2 protein chains.
Amino acid sequence: MKKVERRGLSGGAADRIRDAILDGTFLPGTALREVELAGTLGVSRGAVREALAQLEHEGLVQSEWHRGTRVTDVTPEVAEEVYTLRATIERLASTLAAQRATPSELAELDGVVDRMALAVESGADAAELLALDIEFHDRVYRAARHRRLREAWLALRSSVRLCQLTRIRLGRAGYRGLVVDEHRELVELLRGTAEKRLARVAEEHVLGAMTALTHDLTLPAT
Amino acid sequence: MKKVERRGLSGGAADRIRDAILDGTFLPGTALREVELAGTLGVSRGAVREALAQLEHEGLVQSEWHRGTRVTDVTPEVAEEVYTLRATIERLASTLAAQRATPSELAELDGVVDRMALAVESGADAAELLALDIEFHDRVYRAARHRRLREAWLALRSSVRLCQLTRIRLGRAGYRGLVVDEHRELVELLRGTAEKRLARVAEEHVLGAMTALTHDLTLPAT
DNA sequence: TCTTGTCCGAATGTCGACATTAGGAGGGTG
DNA sequence: CACCCTCCTAATGTCGACATTCGGACAAGA
């Protein structure tokens, strides 16, 4: 059994605010005022402060001394930073996961890919596919059994989602076709011991997404 | 000119507590009680809470729901995690720095290495050498011009120092001889464009330190 | 007109009091 | 004797009030 996670109000508050940012309720640049959020969420300012600190740690917001907190803007620079950093840690994660993943963990990865394939065939919306994508990588990091590496991923994850969602909004997703095959290949490589090749593919898998997004972001707005 | 940094009390509190952990005032496993620290530092509990959250983010302490905060113990597992993660991000940092460092930044790196050489010759103590080591890498990350990467380093840095200090305390440092040459080589590689080789050397530079420390930590206590 | 100084509102930074929780001491029971 | 239940204490979690800081509006002076 998985142990129940006991969190305080600030954890829940962070989830709400994060969701609001990711689903576009709070657009980039929006000022997040503590009293306002505290009123909306029905918690004290202290809890909101902790939540915002957490989100800043995740790179979703930025705050300055006595000048408040604002939602981070997704510029090509940000996308490049997020994806290059992710590619780098993904390399380590996949290498470790290949060494340490149990057969049942690998089977569960297969399961996720199967669900992806199903989602693609049934024409599910992009957000659903994205959730599966994230879940896949969550499992890889868990299989790597490297606490600090996983924390680095958790800190980056929200930014990754934000970048991918931005891409979807720009209407140039078109990753439906590739996503299943790429992840299928990743599982196969994790299963094998061809670590060198694995590291390269894992890195390229991420960098490919980056190139596409930075390209989209550079184009004139539609 | 470099803009002055305005921080709140929690920043200062975090510095004090961090120093206390690094200089051995708070040994691993010590419980850090909020009211106690607030009294000692002369600030409110809120500020101490923020400081502890920051230190947890840096991996120096761990806290559980309603069970308080404790100083992280340096086990071989922790050392391995810290150094493998560091090696991974250092690879990206050195690659970027090689592309982006200005001549003056490279010259300043030379300066740091010179100071190292001087320190070794004059028989300075290990802590001083360590400070120069950290400063060297700080400058590399700054030259890489990658905000998120630098933040990842800042989060890891304290843990790196803690690991290295532990090593010094174990009395098996013996890195006096290597440290200058290794960093000198790094600067040369950053200057050149042999990026592939640079990435490998940068990674090995870190992994070597890890091997030594995990070895030391495995040995019976002296 | 441009600069400089002052005031003001609104937000964050800080604080101490109250509520909640974990873990142990103590006693009762099988 | 082991087990479990209850209570108690000491710590953290939460809250609202007060202090400080920022940036803009406004006016006086060069």
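None of these values were measured; they are calculated from a predicted model. Chain naming here is simple, since letters A, B, ... match the order of the sequence lines and numbering starts at 1 in each.
Listed by first then second residue, pairs satisfying salt bridge (charged side-chain N to carboxylate O under 4.0 Å, His left out) with a partner in residues 157-166 of chain B read B/D138-B/R157, not counting sequence neighbours. Residue pairs meeting the salt bridge (charged side-chain N to carboxylate O under 4.0 Å, His left out) criterion with at least one member in residues 1-13 of chain B, sequence neighbours excluded: B/R7-B/D15.
Legend: residues meeting side-chain hydrogen bond (donor to acceptor under 3.5 Å, both in side chains) with B/R150, ordered by chain and number and at least two apart, are absent. Scored by the side-chain contact (heavy atoms from CB on, under 4.5 Å) test, B/S104 finds B/T102 as partners (sequence neighbours excluded). Residues forming a side-chain hydrogen bond (donor to acceptor under 3.5 Å, both in side chains) with A/E151 (at least two apart in sequence, or on another chain): A/R147. Partners of A/R148 according to the side-chain hydrogen bond (donor to acceptor under 3.5 Å, both in side chains) rule, which considers only residues two or more places apart in sequence or in another chain, do not exist here. With sequence neighbours left out, B/R16 forms a side-chain hydrogen bond (donor to acceptor under 3.5 Å, both in side chains) with no residue at all.
Not one side-chain nitrogen or oxygen of A/R67 sits closer than 4.0 Å to the OP1 or OP2 atom of C/dA11. Contact between the side-chain N/O atoms of B/W65 and the OP1/OP2 oxygens of C/dA22 is found at a separation under 4.0 Å.
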In residues 60-67 of chain A, what donor-acceptor pairs under 3.5 Å come from side-chain atoms, sequence neighbours left out?
from	atom 1	to	atom 2	distance (Å)
A/S63	OG	A/E56	OE1	2.9
A/S63	OG	A/E56	OE2	3.3

Under 3.5 Å donor-acceptor pairs involving side-chain atoms of residues 34-53 of chain B, not counting sequence neighbours:
from	atom 1	to	atom 2	distance (Å)
B/E34	OE1	B/R45	NE	3.1
B/E34	OE1	B/R45	NH2	2.8
B/E34	OE2	B/R49	NH1	3.1
B/E36	OE1	B/R33	NE	2.9
B/T40	OG1	B/E36	O	3.0
B/S44	OG	B/G46	N	3.3
B/R49	NE	A/E50	OE2	3.2
B/R49	NH2	A/E50	OE2	3.0
B/E50	OE1	B/S10	OG	3.2
B/E50	OE2	A/R49	NE	3.3
B/E50	OE2	A/R49	NH2	3.0

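The backbone N or O of B/D133 lies less than 3.5 Å from no partner atom in the side chain of B/H183, so there is not a single donor-acceptor pair.
Nucleotides of DNA chain D that come within less than 4.0 Å of any heavy atom of chain A span, from the 5' end to the 3' end, D/dT14 to D/dG23.
Interface residues of residues 33-62 of chain B facing DNA chain C, ordered by number: B/V43, B/S44, B/R45; criterion, heavy-atom separation under 4.0 Å. Contacts of residues 6-18 of chain B with DNA chain C (heavy atom under 4.0 Å): B/G8, B/L9.
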